[in-house]
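Bear in mind that the values here come from a model prediction, so they are computed numbers and not experimental data. Just so we're on the same page: letters track the sequence lines, and every chain starts at 1.
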Amino acid sequence: MSKKNDTAKPSGLTRRELLGSSAALLIGASSPVQALTVRGTPEWKPLSNNAVPPVDTDAGWQFFTDDEAATVEAIVERLIPADDLSMSGKDAGCAVFIDRQLAGAYGGSERLYMHGPFQDGTPEQGDQSALTPQQRYRLGLGALNDHCRNEHGATFAELSAEQRDQLLTQLEGEEIQLDDIDTLVFFEIVLQNTMEGFFADPLYGGNRDMVSWKMLGFPGARYDYRDYVERHNEDLGFEPVSIGGRPDWQA
Amino acid sequence: MATKLPPTDAVVVGLGWAGAIIANELVDAGLKVVGVERGPWRDTAKDFNIASVTDELRYSQRQELMLRTAQNTITMRNNPSQTALPMRKWGSFHPGNGTGGAGNHWAGITFRFQPEEFRLRSHLEERYGADSIPEELSLQDWGTDWSEMEPFYDAFEKIAGTSGRAGNLVSGKQAGGNPFEGARSSDYPTPPLRQPYSPTLFAETAREMGYQPFPVPSSLVSETYTNPLGVTMGPCTFCGFCTNYGCANYSKASAITTVLPALIRKNNFEARTHCEVLRVTTDSDGRRATGIVYVDSAGRQWEQPAEIVVIAAFTFENVRLMLTSNIGEAYDPTTRRGTTGRNYAYQTANSVQLFFDDKNFNPFIGAGAVGMGIDEFNNDNFDHSGLGFFGGGSTRVTPIGATPIQARPTPPGTPRWGSRWKRATVDNYASTMSIGCEASNYSSPNNYLSLDPTYRDRLGRPLLRITFDFTDNDLRMAQYVTEKTAEIARRMNPREIVASPRIGPWDGRPYQSSHVVGGFVMGADPGTSSVNKYLQVWDVPNLFVVGASAFPQNPGYNPTGTVGALAFKAADGIINHYLRSPGEMIST
């Protein structure tokens, strides 16, 4: 076994010295990456970069307050309503999905360019908001409930399904201006994350029982269609499978 | 201050396709080579696993394999009257990071540019008249030709195991291949992939209409293949997690599946990963590159002296490094002087969606580069007399795999949420397909790359600024080729079609392609190019800048085959010409 996969050491630097260097702040002290010099047979541990642990769906809210969670559940229940095609977005776990995403790297925009100056541009220049997803939810949910209390004397979650649908339609069409946050910045991230939660692998807390995949006929995390590629215009009858397997695999 | 390291024969910046190919060639020629890569060392066995790579949220939505904009991004504007703003999240394109680069998450489509492309300006002037090219276009010849390029395309396809069917061998035309391609010295290394339903249906209709459909050339191998470096690949399984994903099956060619496994085991090579190059260093008169300075993940700066410096990063970083290193003269759109940043171009992506009632395409079966195409409306394959534009596109059906966060086609007028949305989503998921037309993008004096005056990366360096919009030429071309595509679509008799020719202004939000080219282009004239036909920088003979940054304009084809060929061409220039007269411009 080659042991040549040592730390960047054109000048004799060791991994320990690299880690101990205060200059690491330049790139970000929290960064797990390390410069490496690679020679010979690369050293790796199988699956070392593949661990995405399933979220714990029973662990309680990680980012949302109880009030925020109730509002989000009341939203996703209307964006994806229960009907003859599927359970609701709420029952599918979309709010749990969003909560766990916000509690992770995504929630803080850790991977994104977040340097200013922040200024409005053309639509084609894309999202220029200085707000992270966490901030968008915190401000947006608060502003939405403020609006509901002022206009309806109740929180969003306390309104009827019809009232909630009407409010969501007004948000989407910018017929309501929320305080503290651009209405569309809030609405669009909620819609995007709800759909992600409904259609992503159940690993992330949504798409309970692969409900959306069953609904669409998407087979999920399969890896070999060589026997099927030339079976054209035919219902292949696949039951979906997730990265974590399928409930009927359990005895 | 940078700590000076012992010198090496050659340093190669970037270990994607171009850098890995050149480094391997130079090592085989006996040089001691250091490769420097800003991202991680990626290895199929540890990074891509069959059980977990099928993760749309992680790879496609959260863009795990792509360069993080926190590390580096670009700013963009459509014209100089606007203030460029940073692309905070990748949209229009997907730059890569780590060994393999964007070649890990690419689709795998591997065209050769046609012979006319390498002398496009001369060709159009000969065919349509000396004054035929509109003022708004800065088309130019590449300074090379088909006979010089063909052997290097051949070399690249053999490294990648590219699957396809030849339409034009030097020994004669072949039925079933692309009749418009340049004459090939050999057939594709592996046979064409088998086809799913939607490309099959498209090809049947195209054939009925008198067109000549062919399997899209694909660096997803169709059978077990061992390349000339001794690296073995396995057949594509059509898993549908391909574009934006790494391949766990060693089926999609990339530097990490075809070159680096052999290269890293060679004695004269080492790779330094998570090391980002800050600049190329030169001697006092700027006529010789002395090496590079890079910063490692601990923030320490190192100077790596080298006899030969090869910059083989993505287009954006190639050009930014030249600007920050003061190599060449920065392009000025008002005077049209300077070549660094000049002739930036993109791709003009068009599509037609087809909604059927009576079809089941099983759209989850797919791959980035499985499909059927026609070239009747590409480049100069059709007579442009009187059309008011030049250029065209590759018309094709390539089902990449309909993963459901992103691939949920619904007809116009469908709400985006609620029960009606859900009904339409279910009704159309399996019965919708699309025909793409990946069309040319012709360079213009108004489109260029420069350093942003305001926005800086985490290391304090200016971001690269893109000033770009589609030319009138390209917008007219988009209308024409999309209508031709729509004619085929209507003939296929769907319930409804939605034709989407590219319209301006260029929009940074929706993904279009990562085919960003130019900015440090090749040519025979130092007044209008930055590198010669060996990718050697004019006036800095030991510096080579390799990649799609060298394209003077972009034809209606995907760029990677040509990037691979240019990498072999640069290596040939270094090994067979430069090393015989070091320190001089290659004159042959």
*Applying side chain to side chain contact (heavy atoms under 4.5 Å, CB included), run through B/R423 and A/L85 and close with a yes or a no.*
CA-CA 8 Å; B/R423 181 80 253 169; A/L85 291 171; 3.5 Å; yes

Side chain / backbone / both / neither for [X] at chain A, heavy atoms under 4.5 Å:
| X | result |
| --- | --- |
| B/L463 | side chain |
| B/P196 | both |
| B/T403 | both |

Could you have a look at [options] and say which one has the most heavy-atom pairs with chain A under 4.5 angstrom?
| options | result |
| --- | --- |
| B/T83, B/T454, B/T75 | B/T83 |
| B/I50, B/V370, B/T73 | B/I50 |
| B/G35, B/G508, B/A271, B/S419 | B/A271 |
| B/M87, B/R408, B/R77 | B/R408 |
| B/F238, B/F269, B/F361 | B/F238 |
| B/P510, B/A430, B/A248 | B/A248 |

Work out which heavy atom in [X] is nearest to a heavy atom in [Y]; give both atom names and the distance.
| X | Y | value |
| --- | --- | --- |
| B/V426 | A/L216 | CA-CD2, 4.2 Å |
| B/L85 | A/G121 | CD1-CA, 3.4 Å |
| B/W417 | A/L168 | CH2-CB, 3.5 Å |

Donor-acceptor pair between [X] and [Y] side chains, under 3.5 angstrom:
| X | Y | answer |
| --- | --- | --- |
| A/Y113 | B/N72 | no |
| A/Q128 | B/R88 | yes |
| A/E230 | B/Q195 | no |

Nearest 0.5 Å, what's the [atom1]-[atom2] distance between [X] and [Y]?
| X | Y | atom1 | atom2 | result |
| --- | --- | --- | --- | --- |
| B/R416 | A/F187 | CZ | CZ | 5.5 Å |
| A/L36 | B/C275 | CG | SG | 8.5 Å |
| B/L201 | A/N233 | CG | CG | 8.5 Å |
| A/L236 | B/N360 | CG | CG | 7.0 Å |
| A/R222 | B/T54 | CZ | OG1 | 11.0 Å |
| B/R509 | A/D127 | CZ | CG | 10.0 Å |

*Answer whether the closest heavy-atom distance between the side chains of B/R265 and A/T41 falls below 4.5 Å.*
yes

*With side chain to side chain contact (heavy atoms under 4.5 Å, CB included) as the test, would you mind laying out the steps for B/Q61 and A/Q192 before giving the verdict?*
CA-CA 10 Å; B/Q61 284 296 107; A/Q192 176 197 323; 4.0 Å; yes

Mark yes or no for whether [X], through its side chain, and [Y], through its backbone, hold a donor-acceptor pair below 3.5 Å.
| X | Y | result |
| --- | --- | --- |
| B/K422 | A/P81 | yes |
| A/Q125 | B/M76 | yes |
| B/D296 | A/A35 | no |
| B/N362 | A/E234 | yes |

With a 4.5 angstrom heavy-atom cut-off, is it the side chain or the backbone of [X] that approaches chain B, or both, or neither?
| X | value |
| --- | --- |
| A/F118 | both |
| A/R111 | both |
| A/L191 | side chain |

*Report yes if the distance between the aromatic ring centroids of A/Y223 and B/F241 is under 6.0 Å, otherwise no.*
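Not under 6.0 Å, so no.
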
*Which of A/T169, A/D84, A/D201, A/T122 touches chain B most, by non-hydrogen pairs under 4.5 Å*: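 Max contact count across the listed options: A/T169.
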
_Check against side chain to side chain contact (heavy atoms under 4.5 Å, CB included), A/F97 and B/L57_ = CA-CA 11 Å; A/F97 168 89; B/L57 185 79; 3.7 Å; yes

*Does OH belonging to A/Y228 count more than 12 external heavy atoms closer than 6.0 Å?*
no

*asked:* Within the supplied structure, the quantity of interest is the number of heavy atoms (other residues, nucleotides, ligands) at a distance under 6.0 Å from A/D120 CG; does it exceed 12?
replied: no

*asked:* Let's go through A/M195 and B/I405 carefully: what are the C-alpha distance in whole Å and the side-chain angles of both, what is the deciding distance for side chain to side chain contact (heavy atoms under 4.5 Å, CB included) to 0.1 Å, and is it a yes or a no?
replied: CA-CA 7 Å; A/M195 294 301 167; B/I405 299 175; 5.7 Å; no

*Return the orientation label for the A/Y225 and B/F364 ring planes: parallel under 30°, perpendicular over 60°, tilted otherwise.*
tilted

_Both conditions, 6.0 Å and 45 degrees, for the charged tip of B/R62 above the ring of A/Y106: are they met here?_
yes

